[in-house]
Novice: 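Mind looking over this structure? Questions follow.
Residue numbers count from 1 along this sequence.
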Amino acid sequence: HTLELAEVMARAGDFEVPEVPKANFGPRAETLWLRLPVQASIADRWIVEVDYPPLNRIEAWVVVDGQIIRHVLMGSDIPAAQRPSRSRAHIFAVDLRPGPVHDIYLRVDSATTVVTPIRLHREAGFVTYESLRMVLLGLVFGATSLLLVTTFINGISLRDPAYFFYALMLVGITMFFVAFSGLGHQFLWSTQEGYLEKVSPLGALLALTAASFFVISALNMRERNPLLARCLQFTAFCALASIIAAALGLLNYRQSSLAATILGPIQIALALSESIRQARRGSRMAVYMVIGWGAYAIGSLSLALLLRGKIPVDFLTQNLFQFSSLVEMLAWMRVLAIRIEVIRQDAERIGAEKQALHALAHTDPLTGLLNRRGLVQAIESTLT
């Protein structure tokens, strides 16, 4: 039985302060009702914000003296035309007047985690706050896009598979970032349903697949640690199989997210252990790999704890995964730069060896003068 607003209002005295980490109710399939009593000191227009874009459906009522003065539908499943505002977070405006208590009732439904960081802003304050958030998100998105273009161009020029794996990883991270941050349903699509609902877990699985092959290639693991390379390949193939199953409709959003949650820590443990081992042996690329995987591990752990309802919700915990992913991408870009340097040094060494062999074949080792082969070649060169 799904409660209706009248039933909830009749039981308003039953609401209690939840004993959970701040604004984090963790995974739950049932509907969650919230009641926020608000009393204004002056008449003003306020913005009510629920700052967790993945929430599927939020129905909100503002009640004063038993009368509904505002009713809105929000959420990633609600078409843009039906939402009060096409914004990154779920927001609606309400005019508060001094004196009576304004009861804000929220009915929240989510396919996975129920996270409800609720804030009230004056209109001007909200514009300033959200503008800062958009600038930060834009910097992350812009840096990722720049790295993607640069990597793709270098990959074509050098024909090095490590660059293409890195570019594919950037695509996966960008998919997750756009869906999880709310930029997708603000700018790209009207509702986040069907295949679009799975964009964030599919992005995570794609990044996981590409990252496994990237670290194998960058650290030359097939030669240096073939057993661990095969283990990483297995996690990559499992992630790829999960992507295909989700695309075919065999896995839903919750199951796709679970696959990414299980495979992610396994990949981090395998890749980080090999990176540390090679870093101890003096590999510069491995040092930056350790930095990248370390940052990624911190961000992934924070996101996993957030989605499991274990830590409070604030600006840091909501955005730590995105910013740690940026640190990881920059560290791995340094890995690719070192790889270019190694390729150049190898080319110079091969060129020097070819010159030495050519000199050895065409000169007398005792006198250093041209031998018969060298003399013939010199005469032919002069005559032509």
Novice: From Leu301 CG over to Ile268 CD1, what is the distance, rounded to the nearest 0.5 angstrom?
Specialist: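 Reported value, rounded in 0.5 Å steps: 8.5 Å.
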
Novice: For atom CZ of Phe141, is the number of surrounding heavy atoms from other residues, nucleotides or ligands below 6.0 Å larger than 12?
Specialist: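 Atom CZ in Phe141 is not packed in, count stays at 12 or less.
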
Novice: Please report the shortest heavy-atom distance between Val327 and Ala295, naming the atom on each side.
Specialist: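 Closest pair (atom of Val327, atom of Ala295, distance): CG1-CB, 3.7 Å.
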
Novice: Can you find a side-chain donor-acceptor pair between Asp109 and Thr31 that sits under 3.5 Å?
Specialist: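 A donor-acceptor contact under 3.5 Å links the two side chains.
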
Novice: List in chain and number order the residues that pass ring pair (Phe, Tyr, Trp, His ring centres under 6.0 Å) with Phe180, two or more places apart in sequence or in another chain; answer none if no residue qualifies.
Specialist: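 Here the qualifying residues are Tyr52, Phe176.
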
Novice: Can you find a pair of side-chain heavy atoms, one from Ile291 and one from Arg334, that are under 4.5 Å apart?
Specialist: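 A side-chain contact is absent here, since even the closest heavy-atom pair is not under 4.5 Å.
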
Novice: Would you mind telling me which of Tyr166, Trp293, Phe165 makes a ring-ring contact (aromatic ring centres under 6.0 Å, His included) with Phe214?
Specialist: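 When ring-ring contact (aromatic ring centres under 6.0 Å, His included) is applied between Phe214 and each of Tyr166, Trp293, Phe165, only Tyr166 qualifies.
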
Novice: Would you indicate whether the side-chain heavy atoms of Thr191 and His185 approach each other to under 4.5 Å?
Specialist: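 Heavy-atom side-chain distance check fails, nothing below 4.5 Å.
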
Novice: Could you tell me the separation between the CG atom of Asp103 and the CH2 atom of Trp61, rounded to the nearest 0.5 Å?
Specialist: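 Here the interatomic distance stands at 13.0 Å.
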
Novice: Can you see whether Tyr288 engages Arg284 through a side-chain donor-acceptor pair at a distance of less than 3.5 angstrom?
Specialist: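 No.
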
Novice: Might you work through the side chain to side chain contact (heavy atoms under 4.5 Å, CB included) test for Ile104 and Val38, ending with a clear yes or no?
Specialist: CA-CA 7 Å; Ile104 301 176; Val38 179; 4.0 Å; yes

Novice: Is there a side-chain contact between Arg281 and Ser283, using heavy atoms and a 4.5 Å cut-off?
Specialist: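 Side-chain contact under 4.5 Å: no.
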
Novice: Answer whether the closest heavy-atom distance between the side chains of Leu258 and Ile262 falls below 4.5 Å.
Specialist: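 Leu258 reaches Ile262 side chain to side chain.
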
Novice: Indicate, with yes or no, if Val63 and Val101 share a hydrophobic cluster defined by side-chain heavy-atom contacts under 4.5 Å among Ile, Leu, Val, Met, Phe, Trp and Tyr.
Specialist: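 No, Val101 and Val63 fall in different hydrophobic clusters.
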
Novice: Using side-chain heavy atoms (C-beta onward) and a distance below 4.5 Å, is Ser200 in contact with Tyr253?
Specialist: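 SC-SC contact between Ser200 and Tyr253 confirmed.
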
Novice: Going only through I, L, V, M, F, W and Y residues with side-chain contacts under 4.5 Å, is there a path from Ile298 to Met289?
Specialist: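 No, because Ile298 and Met289 fall into different hydrophobic clusters, even though each may have its own neighbours under 4.5 Å.
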
Novice: Under 4.5 Å between any side-chain heavy atoms of Gln233 and Arg222, yes or no?
Specialist: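 Yes. Closest side-chain heavy atoms under 4.5 Å.
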
Novice: Within the structure provided, determine whether Pro53 and Arg88 are in side-chain contact (heavy-atom separation under 4.5 Å).
Specialist: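 The answer is yes, as the side chains (C-beta and beyond) meet within the 4.5 Å cut-off.
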
Novice: Decide, yes or no, whether a salt bridge links Glu274 with Arg277 under the criterion of side-chain N to carboxylate O below 4.0 Å.
Specialist: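 Counted as a salt bridge, because a side-chain N and a carboxylate O are separated by less than 4.0 Å.
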
Novice: Between Lys22 and Asp314, does at least one N-O distance fall below 4.0 Å, as a salt bridge requires?
Specialist: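 No, this pair does not count.
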
Novice: What is the ring orientation for Trp33 with Tyr105, classed by angle as parallel under 30°, tilted 30 to 60°, or perpendicular over 60°?
Specialist: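 Answer is perpendicular, since the angle exceeds 60°.
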
Novice: If you count every heavy atom of other residues, nucleotides or ligands that lies below 6.0 Å from Arg308 atom CZ, does the total exceed 12?
Specialist: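 Counting other residues, nucleotides and ligands, CZ of Arg308 stays at 12 neighbours or fewer.
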
Novice: Can you sort out the partners of Phe237 under ring pair (Phe, Tyr, Trp, His ring centres under 6.0 Å), two or more places apart, ordered by chain and number?
Specialist: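 Phe213.
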
Novice: CD of Glu16: more than 12 outside heavy atoms within 6.0 angstrom?
Specialist: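 Not buried by this count: 12 neighbours or fewer within 6.0 Å.
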
Novice: If we check side chain to side chain donor-acceptor pair (under 3.5 Å) with Tyr129, which of these qualifies: Glu49, Arg119, His121?
Specialist: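 It is Arg119; the other options fail the test.
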
Novice: State which residues pass salt bridge (charged side-chain N to carboxylate O under 4.0 Å, His left out) with Asp95; sequence neighbours excluded, sorted by chain then number.
Specialist: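 If we apply the salt bridge (charged side-chain N to carboxylate O under 4.0 Å, His left out) test to Asp95, skipping adjacent residues, the hits are Arg45.
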
